[in-house]
Amino acid sequence: MNILNDLVNKHNFYRESTLNLQASENVLSQSVREALSSDLASRYSHIMDSGINGYGGCRYSEEILSETENLMKKLYGSKYAEVKTIGGHVAAEVAILSTMKKKENMLAIGENCGGYTGYFGNYIPSMFSINSYEIPYDAQNQEIKYEELEGVCKNINPSVIMLGQSFFVKPYDMKRIREIGNECNARIIYDGSHVMGLIAGKQFQPDALKYSDILLGSTHKTFFGPQGGIALTNDEELSSRMSFNTVWKTMDNYHLNRIAALGVAAEEMLQYGDEYASQVCKNSRQLGKALEEHGIKVKYSPWYSYSHQVHLSTENEGRFGNFHKISQKLEENGIITDREGRIGTAEITRMGYNEMGNIASLIEESLLGKDVKYNVKELRRSLKMRYCR
Ligand SMILES: *Cc1c(COP(=O)(O)O)cnc(C)c1O
C-alpha cells in the first residue's frame with residue numbers, strides 16, 4: 001500500500017504543470033527543500049533555562065538555530081529575531097501575549113478593508129480575553145485615516161496598534177503612526193506576513209521595523225522560506241518576553257528542519273532579495289495595467305499596487321462571474337488563484353517570468369471560455385527558478 005506517496009506524486013505533477021498566481025504562496029528552491037526533508041525533520045533540540053539542552057545529539061542543530069537567527073537579524077537589521085514560531089499566526093499570538101494583558105484594547109485594520117480575520121471577534125481576541133477595534137481606514141485609496149485614528153486612540157486607549165493586511169497593496173506612513181502611538185502609549189506591531197520578502201528586499205515599507213516595536217510575519221508568502229513565522233525586534237525586554245511566550249506556551253518543538261530551511265532561504269534573500277522584490281513589484285503594476293487593457297477590471301487604477309498583489313474589482317461580476325467563479329474558470333486552464341480576487345506575482349517572478357501582457361492575455365482568454373490549457377502548460381514547462389544558486 002502506498003496511497004499517500006501516490007497522492008503526493010500526483011499533487012507535485014499537477015502543481016508543476018500549472019501557473020501559480022496565489023498571493024499567499026511561493027516556491028522553494030532545491031536547497032531549501034533539501035534542508036526541509038533532511039534528518040532534522042524528526043529531531044528535537046531544546047535549550048532549557050539552565051542553559052543545558054534537554055536532548056542529546058544537538059551539536060549541529062544548536063548551531064543551525066543560532067546561524068538562522070543571525071542571518072535573519074542581518075537581513076532585517078534587527079537586534080533580535082525569534083525564528084521558532086511555526087506560522088505568522090503563531091508569531092502574532094506570541095507578540096500579543098508579550099505586549100498585552102487581559103481586557104486591554106488592540107486596534108487592527110478591519111476585515112472589510114483587507115485586514116487579517118484572526119485579529120477580530122472569536123479568534124485571537126477571545127482566546128486572549130482582549131478587545132479589538134478597527135483602525136479607521138479609507139478602502140478606496142487604501143490609506144489609514146490618520147486624524148481619525150488619533151481620535152480613536154484617545155477614546156479607547158489601545159495597548160497595541162496592529163498594522164498589516166492580508167489584502168495588502170500600499171504601505172503606511174509609519175512615522176505618523178509612531179507619533180500617534182507615542183501619544184497614547186501604544187506599542188506598534190507590524191504584521192508583514194504577506195510582504196516579508198518585499199521588506200527584506202527593501203521594496204515595500206523598508207521602515208517597518210524602524211518605527212514599530214515588533215515586525216512579524218510568515219516566512220513563505222513573498223519570503224523564500226518554508227511555511228513558518230518570525231518576529232523581529234530591537235527591544236531586549238520584548239525579545240526575552242517573546243522567547244518566553246514561544247516554547248511551552250504557544251508551542252513546544254519548533255521543527256529543526258524548518259529552521260534550517262529558513263536559514264537557507266535567508267541566505268538566498270541576502271543575495272538576491274533586492275533584485276527579486278523589485279521585479280515582483282514591477283510585475284504587479286504591469287499586470288494591473290495589462291489586465292485592464294484586456295478588459296478585466298482591476299482596483300486602484302492607475303497605481304494598482306505597490307506590493308505583490310493585484311486586486312480584481314467586483315465590477316467584473318456581470319461579465320465573468322464572482323471571484324469564486326473567476327478562480328474556477330482560471331483553474332480549469334491551469335491558472336491557480338485564490339477565490340477572493342487577489343492575484344499574486346511573487347511565484348511567477350521567482351520562476352523568472354516577467355511577461356505580464358502574456359499572463360493577462362491567458363487570463364482573459366480563460367475567462368472568455370477559451371481552452372488555453374496547452375499554452376499554460378507549455379509556458380510553465382519553459383520556466384526555471386531564479387534568485388537561487
Ligand atoms: C497569512 C497571514 C497570517 C497567518 O500566517 P500563517 O503563516 O499562515 O500562520 C497572519 N497575518 C496576516 C496579515 C496574513 O496575511
Side-chain angles (χ1 to χ4, degrees), residues 20 22-28 32 36 72 81-97 99 106-125 127-128 132 134-135 137 139 142 144 160-172 177 188-200 204-205 208-209 212 214-232 242 245-246 250-251 254-255 258-259 261-262 265 280 305-311 337-347:
N20 191 32
Q22 242 152 190
S24 310
E25 293 180 351
N26 216 319
V27 271
L28 302 179
V32 170
L36 202 57
M72 281 304 204
E82 179 51 80
V83 300
K84 297 192 206 83
T85 53
I86 54 178
H89 185 93
V90 178
E93 289 175 350
V94 166
I96 288 170
L97 274 176
T99 49
M106 171 173 86
L107 283 173
I109 290 174
E111 277 186 273
N112 289 341
C113 298
Y116 181 56
T117 309
Y119 293 137
F120 289 93
N122 281 330
Y123 301 109
I124 288 177
M127 187 164 61
F128 294 147
S132 72
E134 291 187 14
I135 293 175
Y137 193 78
Q142 291 288 291
I144 289 174
V160 164
I161 299 175
M162 177 69 75
L163 301 169
Q165 288 156 261
S166 296
F167 289 70
F168 206 2
V169 290
K170 201 190 239 183
Y172 311 115
I177 295 167
I188 313 288
I189 305 181
Y190 195 109
D191 177 349
S193 285
H194 259 276
V195 293
M196 287 310 282
L198 308 181
I199 295 176
F204 187 94
Q205 201 86 77
L209 183 60
S212 64
I214 299 169
L215 165 62
L216 62 85
S218 311
T219 54
H220 49 270
K221 290 176 180 176
T222 49
F223 200 85
F224 290 165
Q227 292 182 324
I230 181 163
L232 304 146
M242 288 201 289
N245 285 320
T246 304
T250 47
M251 35 182 270
Y254 47 88
H255 307 168
R258 185 188 62 75
I259 300 284
L262 180 62
V280 167
S305 173
Y306 297 105
S307 72
H308 62 302
Q309 305 183 356
V310 167
H311 297 172
T337 61
D338 67 31
R339 313 293 207 211
E340 304 186 80
R342 283 180 299 195
I343 298 192
T345 56
E347 182 162 330

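For ligands, and for the atoms within them, numbers begin at 1 and follow the listed sequence.
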For this session: Could you say whether the N/O atoms of Tyr119 and ligand 1 ever approach to under 3.5 Å?
Result: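 So ligand 1 has no N or O lying under 3.5 Å from an N or O of Tyr119.
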Exercise. Does the pair Leu216 and Glu82 meet the rule for a side chain to side chain contact (heavy atoms under 4.5 Å, CB included), with working shown?
Worked result: CA-CA 9 Å; Leu216 62 85; Glu82 179 51 80; over 6 Å; no
Write out the residue and atom name of the closest protein heavy atom to [atom], then the distance separating them to 0.1 Å.
atom: atom 6 (P) of ligand 1; result: Gly88 N, 3.4 Å
atom: atom 9 (O) of ligand 1; result: His89 N, 2.9 Å
atom: atom 14 (C) of ligand 1; result: Lys221 NZ, 3.0 Å
atom: atom 8 (O) of ligand 1; result: His220 NE2, 4.2 Å
atom: atom 12 (C) of ligand 1; result: Asp191 OD2, 3.3 Å

Exercise. Take atom CD in Gln227; do more than 12 heavy atoms of anything else shown fall under 6.0 Å from it?
Worked result: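 Incorrect, the count does not exceed 12.
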Exercise. Should Thr219 and Val83 be marked as a side chain to side chain contact (heavy atoms under 4.5 Å, CB included) after you check the CA-CA gap, both sets of side-chain angles, and the distance that decides it?
Worked result: CA-CA 9 Å; Thr219 54; Val83 300; over 6 Å; no
Ligand 1 atoms in contact with [X] (distance to a heavy atom under 4.0 Å):
X: Gln165; value: 13 (C)
X: Ser218; value: 5 (O), 6 (P), 7 (O)
X: Gly87; value: 7 (O), 9 (O)
X: His194; value: 15 (O)

Problem set entry | Region of Ser166 engaging ligand 1 - heavy atom pairs below 4.0 Å |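 Under 4.0 Å from ligand 1, Ser166 contributes backbone and side-chain atoms.
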Exercise. Name the one of Leu209, Thr99, Leu232 that satisfies side chain to side chain contact (heavy atoms under 4.5 Å, CB included) with Ile214?
Worked result: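 Only match with Ile214 under side chain to side chain contact (heavy atoms under 4.5 Å, CB included): Thr99.
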Exercise. Rounded to the nearest 0.5 Å, how far does CZ of Phe204 lie from CE of Met196?
Worked result: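 So the gap between those two atoms works out to 12.0 Å.
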Exercise. So Gln142 and Tyr306, side-chain hydrogen bond (donor to acceptor under 3.5 Å, both in side chains) or not? Walk me through it.
Worked result: CA-CA 11 Å; Gln142 291 288 291; Tyr306 297 105; over 6 Å; no
Distance-only check: which donor-acceptor pairs under 3.5 Å involve side-chain atoms of residues 107-118, not counting sequence neighbours?
residue	atom	partner	partner atom	Å
Glu111	OE2	Thr117	OG1	3.1
Tyr116	OH	His89	ND1	2.7

